[in-house]
Amino acid sequence: MTYVPCSLQKLFVYNPLKFGLTEETELEKVLFYWPPDTTMDEKLSDIGLCEAMITFSTEFAKVPTSCCRTERSTFILIQPEKGWWIVMIMKNPQIVTITPDKTEEITWKFDELDEQPLLSCLNRLYAQFKLFNGPFEHILASSNIDDLR
């Protein structure tokens with residue numbers, strides 16, 4: 001039996017209110033995406049899923065969700081400025097066991113990942129960015145979108 005800890009799967013910043021307003025320009029809403037070798041379709045799929053989670057959660061609460069768990073991943077979302085979203089997707093911890101017939105059996109431990117430290121980490125990431133670069137809107141006002149990317 002082997003314990004595999006959580007790991008960062010994806011990290012991205014997007015703004016659906018100012019950029020990518022049409023289907024042809026949809027990729028423009030992505031300001032930053034890690035890992036960089038991710039396909040365009042996967043980026044748009046991830047952003048679409050996050051937009052759906054935000055829209056769905058605001059139907060039931062005044063504040064959009066900041067965390068969503070699946071069996072394999074935990075999504076952490078913050079909106080540090082109006083329209084700007086920073087999303088971190090973590091791969092949940094898992095236990096890998098080898099069965100008697102030599103196949104791997106994976107048990108996902110989605111309930112072992114606490115979202116509060118992850119939210120704090122994401123908020124600190126934005127605070128440090130803002131300390132050295134200023135808010136996203138300020139960068140846009142004083143230069144262009146390429147400088148922000």
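- Atom CD of Glu71 has more than 12 heavy atoms from other residues, nucleotides or ligands within 6.0 Å.
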Please list, one pair per line, the donor and acceptor atoms closer than 3.5 Å that link side chains of residues 53-61 to other protein atoms, with sequence neighbours excluded.
from  : atom 1 : to    : atom 2 : distance (Å)
Thr55 : OG1    : Glu51 : O      : 2.9
Ser57 : OG     : Met53 : O      : 3.1
Ser57 : OG     : Ile54 : O      : 3.0
Ser57 : OG     : Thr65 : N      : 2.9
Thr58 : OG1    : Ile54 : O      : 3.1
Thr58 : OG1    : Thr55 : O      : 2.9

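- The minimum heavy-atom distance between Gln9 and Ser73, with the atom names listed, is OE1-OG, 2.9 Å.
- The environment of Lys130 atom NZ is sparse: at most 12 non-hydrogen atoms of other residues, nucleotides or ligands sit within 6.0 angstrom.
- Clustering of Ile, Leu, Val, Met, Phe, Trp and Tyr side chains at separations under 4.5 Å places Leu131 together with Phe132.
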Under 3.5 Å, sequence neighbours excluded: what are the donor-acceptor pairs made by side chains of residues 81-88?
from  : atom 1 : to     : atom 2 : distance (Å)
Glu81 : OE1    : Phe136 : N      : 3.4
Glu81 : OE1    : Glu137 : N      : 3.1
Glu81 : OE2    : Tyr126 : OH     : 2.4
Glu81 : OE2    : Phe136 : N      : 2.6
Trp84 : NE1    : Glu137 : OE2    : 2.6

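- Separation of atoms CG (Leu49) and OG1 (Thr70) is listed at 9.0 Å; rounding is to 0.5 Å.
- You'll find the side chain of Val96 stays beyond 4.5 Å of the side chain of Glu105, heavy atoms only.
- Within the 4.5 Å cutoff, no side-chain heavy atoms of Ser66 are placed close to those of Leu77.
- Other residues, nucleotides and ligands place no more than 12 heavy atoms under 6.0 Å from the CZ atom of Arg72.
- Applying the side-chain hydrogen bond (donor to acceptor under 3.5 Å, both in side chains) definition to pairs two or more places apart or across chains, those involving residues 87-98 are Thr74-Asn92.
- Side-chain contact between Cys50 and Asp46 is absent, with no heavy-atom pair separated by less than 4.5 Å.
- Inter-residue side-chain proximity for Val13 and Phe129 is flagged as unmet; no heavy-atom pair is nearer than 4.5 Å.
- With side-chain heavy atoms closer than 4.5 Å counting as contact, directly or through intermediates, Phe110 stands alone and belongs to no larger hydrophobic cluster.
- You'll find the side chain of Leu140 reaches within 4.5 Å of the side chain of Lys18, heavy atoms only.
- Expressed to the nearest 0.5 Å, how far CD1 of Ile76 lies from CG of Leu11 amounts to 11.5 Å.
- Think of Ile95 as one node in a network of Ile, Leu, Val, Met, Phe, Trp and Tyr side chains linked at under 4.5 Å; its network also takes in Met1, Tyr3.
- Rounding to the nearest 0.5 Å gives a distance of 5.0 Å between CD of Glu26 and CG of Leu44.
- Note that OG1 of Thr38 is 9.5 Å distant from CZ of Phe12, once rounded to the nearest 0.5 Å.
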Show your working on side-chain hydrogen bond (donor to acceptor under 3.5 Å, both in side chains) between Asp41 and Thr39 and close with a plain yes or no. CA-CA 5 Å; Asp41 288 340; Thr39 66; 5.6 Å; no

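- Without hydrogens or angle criteria, Ser120 side chain to Gln116 main chain gives a donor-acceptor distance under 3.5 Å.
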